J.: 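Mind having a look at this structure? Questions to follow.
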Amino acid sequence: MKILIADDDQISRMITKAAVEQSGHECIVAVDGDSAWQLYKEHSPEAVVTDLMMPGLNGLDLCRAIRAAEKDRYTYVILVTSHGSRKDVLAGMEAGADDYVTKPLDPFSLHIRLLAAQRITSLHADLARYRSALSEQARTDPLTKLHNRLKLAEDLGALHSGGVTGHNYCLAMVDVDNFKSYNDIYGHQAGDAALVAIASTLASEVRKSDAVYRFGGEEFLLVLRDQEAPGARMVMERVRSAVQSLRIEHSGDPDGVLTISAGISAFTDGHRAGTEQLLREADLALYAAKASGRNRVSLADALRSE
């Protein structure tokens with residue numbers, strides 16, 4: 001483990017450092033509470049052994065600061081007291097300490113506590129990884145591995161709450177043409193394989209700053225950042241052509257292969273609409289593309305100007 005020692009007494013620091021290193025851990029040393037806090041932020045140690053009374057932040061303040069800063073990781077805090085009074089121990093535990101030792105420091109006592117610290121921090125690290133994996137799973141479509149509608153709602157909310165007024169972007173609603181008949185002819189297993197291939201193509205044809213989501217069934221949604229309608233249309237025409245070039249045979253489609261249609265709405269200086277309205281506009285533009293023959297791209301701007 002990486003362990004931070006905070007103590008203003010030089011002899012105590014030397015004894016604690018020797019005990020920590022003898023236990024096989026990496027050691028970082030701070031001479032007061034303020035420098036300990038800075039070193040904690042810089043090095044993210046797994047454990048902190050801190051004196052109770054120090055210049056700057058005392059041991060209790062350092063405990064509180066560490067607990068307030070923690071997110072997906074856990075730091076094991078051992079408080080070092082001069083007398084081990086019940087009052088000091090209780091105050092330390094209430095501030096966020098996990099354990100305590102008393103001066104003069106017994107290396108064996110510290111070694112035992114560091115073993116416990118290693119187990120606890122390892123467990124918390126595992127739990128953080130599991131939480132992260134579950135969070136990612138909850139926001140990922142299991143078939144196509146694209147983001148799902150939960151992630152879309154979060155991303156659109158963040159886009160607007162993060163000062164989006166200075167940035168244009170477009171939404172492109174995409175639907176696979178005549179997909180019901182494809183499933184009827186070739187079966188749902190083939191339909192799933194086709195959706196995976198199309199999803200991969202959508203993702204590969206846009207920039208890393210853009211995002212692709214499975215909206216539901218055979219529908220996808222693309223968020224094209226820093227784009228206005230004409231540029232978004234060029235992107236989606238390229239995407240449409242790439243999907244057609246997959247040459248996924250579809251005997252029930254006039255083109256003989258699976259194709260997509262897309263409807264685009266734009267968030268621009270002249271049209272600062274909310275996300276729900278933009279989604280409705282993209283959906284209406286998609287409907288217009290379908291109604292005019294499929295395998296094409298339609299702009300919501302054009303519908304509003306009619």
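Because the structure is a prediction, the values reported are computed rather than measured.
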J.: Hydrophobic cluster membership, with links at side-chain heavy-atom distances under 4.5 Å among I/L/V/M/F/W/Y: are Val29 and Trp37 in one?
T.: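 Per the 4.5 Å side-chain linkage, Val29 and Trp37 are not co-clustered.
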
J.: Please find the pair of heavy atoms, one from Gly92 and one from Leu60, that lie closest to each other, and give the distance.
T.: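 Closest heavy-atom pair between Gly92 and Leu60: CA-CD2, 3.5 Å.
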
J.: Determine whether more than 12 heavy atoms belonging to other residues, nucleotides or ligands lie under 6.0 Å from atom CD of Glu42.
T.: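 Counting neighbours around CD of Glu42, more than 12 heavy atoms of other residues, nucleotides or ligands fall under 6.0 Å, so yes.
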
J.: For Ser245, is there any backbone N or O sitting under 3.5 Å from a side-chain donor or acceptor partner on Arg247?
T.: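 Between the backbone of Ser245 and the side chain of Arg247 there is no qualifying donor-acceptor contact (under 3.5 Å).
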
J.: With a 4.5 Å limit on heavy-atom distance, are the side chains of Met53 and Asp8 in contact?
T.: no

J.: Between Thr102 and Val80, is any pair of side-chain heavy atoms under 4.5 Å apart?
T.: no

J.: Taking side chain as C-beta onward, heavy atoms only, is Asp51 less than 4.5 Å from Lys103?
T.: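 In short, these two side chains touch, coming nearer than 4.5 Å.
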
J.: Would you please say whether a donor-acceptor pair under 3.5 Å links the side chains of Ser135 and Arg131?
T.: no

J.: Would Tyr169 and Phe267 count as a close aromatic pair, with their ring centres under 6.0 Å?
T.: yes

J.: Of the non-hydrogen atoms in Ala199 and Leu146, which two are nearest, and what is the gap between them?
T.: CB-CD1, 3.5 Å

J.: What's the spacing between Ser261 OG and Met173 CE if we round to 0.5 Å?
T.: 13.0 Å

J.: What's the shortest heavy-atom distance between Met236 and Ala262, and which atoms?
T.: CE-CB, 4.1 Å

J.: Evaluate the salt bridge (charged side-chain N to carboxylate O under 4.0 Å, His left out) criterion for residues Lys151 and Asp155: first the C-alpha distance (whole Å), next the side-chain angles of each, then the deciding distance (0.1 Å), finally the verdict.
T.: CA-CA 6 Å; Lys151 186 67 164 66; Asp155 289 350; 2.8 Å; yes

J.: Hydrogens and angles aside, do Tyr74 and Arg67 bring a side-chain donor and acceptor to less than 3.5 Å of each other?
T.: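 Yes - a donor-acceptor pair under 3.5 Å links their side chains.
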
J.: Decide whether Val31 and Ile28 are clustered together by the hydrophobic rule: side chain heavy atoms of Ile, Leu, Val, Met, Phe, Trp, Tyr closer than 4.5 Å, transitively.
T.: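 No, Val31 does not connect to Ile28 through the hydrophobic network.
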
J.: Is a side-chain N or O of Asp126 found less than 3.5 angstrom from the main chain of Leu123, in a donor-acceptor match?
T.: no

J.: Starting at CG of Leu4, measure out to OH of Tyr40 and round the result to the nearest 0.5 Å.
T.: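 Going from the CG atom of Leu4 to the OH atom of Tyr40 covers 9.5 Å.
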
J.: Would you mind reporting whether Leu152 and Leu221 have side-chain heavy atoms less than 4.5 Å apart?
T.: yes

J.: Do Glu228 and Asp269 pass the side chain to side chain contact (heavy atoms under 4.5 Å, CB included) test, and can you show the C-alpha distance, the side-chain angles, and the key distance before you say yes or no?
T.: CA-CA 10 Å; Glu228 296 190 10; Asp269 288 335; 5.7 Å; no

J.: Measure the CG-CZ distance between Leu150 and Arg139 for me, rounded to the nearest 0.5 Å.
T.: 4.5 Å

J.: Does a donor on one side chain sit under 3.5 Å from an acceptor on the other, for Tyr182 and Asp253?
T.: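 Side-chain D/A pair, Tyr182 to Asp253: absent.
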
J.: Can you see which heavy atom on Val297 is nearest to which on Arg233, and at what distance?
T.: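 Closest heavy-atom pair between Val297 and Arg233: O-NH2, 3.0 Å.
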
J.: Measure the shortest side-chain to side-chain distance between Asp192 and Val196 over non-hydrogen atoms and say whether it is less than 4.5 angstrom.
T.: no

J.: For Tyr76, which residues count as a ring-ring contact (aromatic ring centres under 6.0 Å, His included) partner, sequence neighbours excluded?
T.: none

J.: Measuring from Cys27:SG to Arg13:CZ, what's the distance to the nearest 0.5 Å?
T.: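 So the SG of Cys27 and the CZ of Arg13 are separated by 11.0 Å.
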
J.: Between Ile260, Asp177, Val176, Asn183, which is the residue that forms a side chain to side chain contact (heavy atoms under 4.5 Å, CB included) with Glu218?
T.: Val176

J.: Carefully, step by step, assess Met93 and Tyr100 under the rule side chain to side chain contact (heavy atoms under 4.5 Å, CB included).
T.: CA-CA 9 Å; Met93 294 301 181; Tyr100 75 97; 4.2 Å; yes

J.: Check whether Arg238 reaches the backbone of Met234 with its side chain - one donor and one acceptor, N or O, closer than 3.5 Å.
T.: no

J.: Assigning hydrophobic clusters by single linkage (Ile, Leu, Val, Met, Phe, Trp, Tyr; side-chain heavy-atom cutoff under 4.5 Å), is Ile198 placed with Tyr186?
T.: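 Same cluster.
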
J.: Run the salt bridge (charged side-chain N to carboxylate O under 4.0 Å, His left out) test on Asp283 and Arg280 for me, step by step, so that the C-alpha distance in whole Å, both residues' side-chain angles and the decisive distance to 0.1 Å come before the verdict.
T.: CA-CA 5 Å; Asp283 197 46; Arg280 285 195 299 271; over 6 Å; no

J.: Evaluate salt bridge (charged side-chain N to carboxylate O under 4.0 Å, His left out) for Asp175 paired with Lys290, printing each intermediate quantity in order.
T.: CA-CA 9 Å; Asp175 185 80; Lys290 293 281 193 181; 2.5 Å; yes

J.: Might you confirm whether atom CZ of Arg225 has over 12 heavy atoms from other residues, nucleotides or ligands at distances under 6.0 Å?
T.: no

J.: Pairing donors with acceptors under 3.5 angstrom, does anything connect the side chains of Glu281 and Gln277?
T.: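 Yes, a side-chain donor-acceptor pair sits under 3.5 Å.
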
J.: When you look at NZ of Lys2, are more than 12 heavy atoms from neighbouring residues, nucleotides or ligands closer to it than 6.0 Å?
T.: yes

J.: Under a 4.5 Å side-chain heavy-atom rule over Ile, Leu, Val, Met, Phe, Trp and Tyr, are Leu159 and Leu279 clustered together?
T.: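 Looking at the clustering, Leu279 is in the same group as Leu159.
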
J.: Quick one: pull up OG in Ser23 and CD1 in Ile3 and give me the separation to the nearest 0.5 Å.
T.: 7.5 Å

J.: Taking Asp255 for the side chain and Val257 for the main chain, is one N or O donor matched with an acceptor at less than 3.5 Å?
T.: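 No, Asp255 side chain to Val257 backbone: no donor-acceptor pair under 3.5 Å.
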
J.: Do the non-hydrogen side-chain atoms of Ile185 and His250 ever get within less than 4.5 Å of each other?
T.: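 Yes, at least one pair of side-chain atoms sits under 4.5 Å.
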
J.: At their closest point, which heavy atom of Asn178 faces which heavy atom of Pro254, and how far apart are they?
T.: ND2-CD, 3.9 Å

J.: Quick check on the hydrophobic clustering: are Leu115 and Leu79 connected, directly or via other members, by side-chain heavy-atom contacts under 4.5 Å?
T.: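 No, Leu115 and Leu79 fall in different hydrophobic clusters.
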
J.: Between the side chains of Asn295 and Arg240, does any donor sit under 3.5 Å from an acceptor?
T.: yes

J.: Can you tell me which residue among Thr50, Leu114, Ile5 is in a side chain to side chain contact (heavy atoms under 4.5 Å, CB included) with Ile78?
T.: Leu114

J.: Could Arg149 and Tyr213 be counted as a cation-pi pair, given that NZ or CZ must be under 6.0 Å from the ring centre and within 45° of the axis?
T.: no

J.: For the CE atom on Met1, are there more than 12 heavy atoms of other groups (residues, nucleotides or ligands in this structure) within a distance under 6.0 Å?
T.: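 Enclosed: over 12 neighbouring heavy atoms sit under 6.0 Å from CE of Met1.
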
J.: Any chance the side chains of Thr75 and Glu70 put a donor and an acceptor closer than 3.5 Å?
T.: yes

J.: One pair to check against side chain to side chain contact (heavy atoms under 4.5 Å, CB included): Arg113 and Val101. What are the steps and the verdict?
T.: CA-CA 9 Å; Arg113 284 161 174 78; Val101 291; 3.1 Å; yes

J.: What verdict does the side chain to side chain contact (heavy atoms under 4.5 Å, CB included) test give for Val206 and Val235, after you've listed the backbone C-alpha separation in whole Å, the side-chain angles of each residue and the deciding distance to 0.1 Å?
T.: CA-CA 7 Å; Val206 297; Val235 171; 4.2 Å; yes

J.: Is the number of heavy atoms from other residues, nucleotides or ligands within 6.0 Å of CD (Gln38) greater than 12?
T.: yes

J.: Minimum heavy-atom separation for Gly33 and Leu62, please, with both atom names.
T.: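 Closest pair (atom of Gly33, atom of Leu62, distance): O-CD1, 4.3 Å.
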
J.: Should Leu195 and Phe179 count as side-chain neighbours, where that means a heavy-atom distance under 4.5 Å?
T.: yes

J.: Does any non-hydrogen side-chain atom of Leu222 lie less than 4.5 Å from one of Val174?
T.: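 Heavy-atom side-chain distance check passes, below 4.5 Å.
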
J.: If you round to the nearest 0.5 Å, how far is CG of Leu52 from OG1 of Thr81?
T.: 7.0 Å

J.: When you compare the side chains of Asp141 and Thr144, does any donor N or O come within less than 3.5 Å of an acceptor on the partner?
T.: yes

J.: Any side-chain donor paired with an acceptor under 3.5 Å for Asp184 and Ser181?
T.: no

